[in-house]
Amino acid sequence: MNSEDINNLQNAFQYGVNLGSSPNAVSTSPTQSFMNTLPRRLSLSKQQKVLKPFSTGDIKILLLENVNQTAISNFKEQGYQVDFHKGALPEEELIEKIKDVHAIGIRSKTHLTENVLKHAKNLVTIGCFCIGTNQVDLEYAAKKGIAVFNSPFSNSRSVAELVIAEIISLARQVGDRSIELHTGTWNKVSNRCWEVRGKTLGIIGYGHIGSQLSVLAEAMGLHVIYYDIVTIMALGTAKQVPTLDELLNKADFVSLHVPETPETKNMISAPQFAAMKDGAYLINASRGTVVDIPSLIMAMKAKKIAGVALDVYPSEPGKNGAGSFVDSLNSWTSELVSLPNVILTPHIGGSTEEAQSSIGIEVSHALSKYINEGSTIGAVNFPEISLKALDLDQENTVRVLYIHKNIPGVLKTVNNILSDHNIEKQYSDSRGEIAYLMADISAVNQADIKDIYEQLNNTDAKVSIRLLY
Ligand SMILES: NC(=O)C1=CN([C@@H]2O[C@H](COP(=O)(O)OP(=O)(O)OC[C@H]3O[C@@H](n4cnc5c(N)ncnc54)[C@H](O)[C@@H]3O)[C@@H](O)[C@H]2O)C=CC1
Ligand SMILES: O=C(O)CCC(=O)C(=O)O
């Protein structure tokens, strides 16, 4: 590409129509700061046109809960404005901030409910920098045309390793011995301390984490059985059991790795504790709502359960600090902490340098690809579609991103609007009540862009539109 070509391309951008008045169209002509980087971008990617329909400097991203530095760097490299906070925000402050941003990055503590999201006038995407997405109202987000992404397995190994540490620590009462010695008490005992070799581990939920745990546990000589609502191929010599009760009857250690759903709420309560072996151990690094803690306390007091390791709780503090894990957070806190052989960790299953760094890269990448190109690959509440990047010589090609209600006749209406142009590529898919169409149309001049936008904007089925060019 010679300098004349670059000038032409810059001119093409500078004639961009400003569609910024529409809440969902993040489309204005690019800033000089982006122009200044253009020759470098072009030399990095000789064949592909970088789609920048908007001033990247106008894109605002709110990052909460100490999302990793890798994500901050990626977003800044894109030219976005990043507002970074170490903790979660109280709901009122969150509502104030979310009004203004195009993207938000959270971990497990920020609850993006309908009440919060209804204030998000410009929001196009949410990044959960974690595995779980239960903290987001996914359905409502989809209805508002907000695509949600997560990192489905970047921290799975970290969780599995923590659980392995806890299995041995519970069996050897390491937590109690450590607390005693920290407070000056030497208590060298072997009573009811066990090797884990030859014992049975029951894994509830044999997905990414459960199956990884299975492999590690077998390497230490544990027998593994698992229960899952779907039939899943066993790794190593593990065996799937047909019922939860069978798992509870047989396992010496029970470890939970299910998502938070209506079905998993209080999945382990009084009847399940009763079904467990006497002196069994429980580990929960999934979600706090999965175990009924008052029933757990009763089972421990009755010596039915010999120890428990919890990483997650029904209510968790929004940020780090002393004095936050108390009865006003969860009414049973002081009772639980007074029991023997209880290991409590502050939701750190996925908190390793390795996991956080790769989650930061993966989720920031997915959000940037969606903002810049419209790709929804990896979205958890949207149909997953993508079109290949445009070539540099496709100067008058516009990418239409049209999120709409999944009702009959929409494609006919949209294609009528686009019919004066050549539709180079088109891809459409639906998921529940929401459908998403990506189309690259060529031979479009600047006046056409505004016209296409307005016509699409007037369609009944429209949820939101962006035009990239
Ligand atoms: N403590 C921490 O820091 C972390 C906690 N998590 C939690 O762990 C959960 C599991 O993570 P992954 O293994 O990656 O998820 P996954 O989606 O790969 O696996 C979950 C498994 O649970 C099964 N399942 C769902 N409902 C079930 C039910 N009612 N009964 C039995 N099985 C059921 C599914 O079929 C699936 O095989 C996440 O949803 C998240 O809440 C995830 C990462 C870190
Ligand atoms: O690291 C976090 O903040 C949350 C980890 C977690 O629970 C998840 O990935 O689902």
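Remember, it's 1-based here, ligands and their atoms both numbered in the order they're listed.
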- for atom 9 (O) of ligand 2, nearest protein heavy atom and its distance come out as Ile131 N, 2.5 Å
- Message: Any nitrogen or oxygen of Glu263, side chain or backbone, less than 3.5 Å from one on ligand 1?
- Response: no
- Task: Would you mind telling me if ligand 2 is within reach of the side chain of Lys109, the backbone, both or neither, using heavy atoms under 4.0 Å?
- Result: neither
- Query: Does Phe129 reach ligand 2 with a nitrogen or oxygen that is under 3.5 Å from one of the ligand's nitrogen or oxygen atoms?
  - Reply: no
- Message: If you scan the protein for heavy atoms around atom 15 (O) of ligand 1, do you find one that is closer than 4.0 Å?
- Response: no
- Item | 4.0 Å heavy-atom contact, Gly350 with ligand 2 | no
- Message: Among all the protein's heavy atoms, is there at least one whose distance to atom 41 (O) of ligand 1 comes out below 4.0 Å?
- Response: yes
- Task: Classify the contact between Thr264 and ligand 1 as side chain, backbone, both or neither, using a heavy-atom distance cut-off of under 4.0 Å.
- Result: side chain
- Find all atoms of ligand 1 within a distance of less than 4.0 Å from any non-hydrogen atom belonging to His257, and give their numbers and elements. 10 (C), 20 (C), 21 (C), 22 (O)
- Query: At under 4.0 Å between heavy atoms, which part of His347 makes contact with ligand 2: side chain, backbone, both or neither?
  - Reply: side chain
- Message: What I want to know is whether Tyr227 and ligand 1 share at least one N or O pair that is separated by under 3.5 angstrom.
- Response: no
- Taking non-hydrogen atoms only, is Val312 closer than 4.0 angstrom to ligand 2 via side chain, backbone, both or neither? neither
- Is Ile348 close to ligand 1, meaning an N/O of one under 3.5 Å from an N/O of the other? no
- Note on the structure: for atom 1 (O) of ligand 2, nearest protein heavy atom and its distance come out as Arg107 NH2, 2.9 Å
- Decide whether the shortest distance between a heavy atom of Thr261 and an atom of ligand 1 is less than 4.0 Å. no
- Task: Please report which non-hydrogen protein atom sits nearest to atom 4 (C) of ligand 2, along with the residue it belongs to and the distance in Å to one decimal place.
- Result: Ser108 OG, 3.5 Å
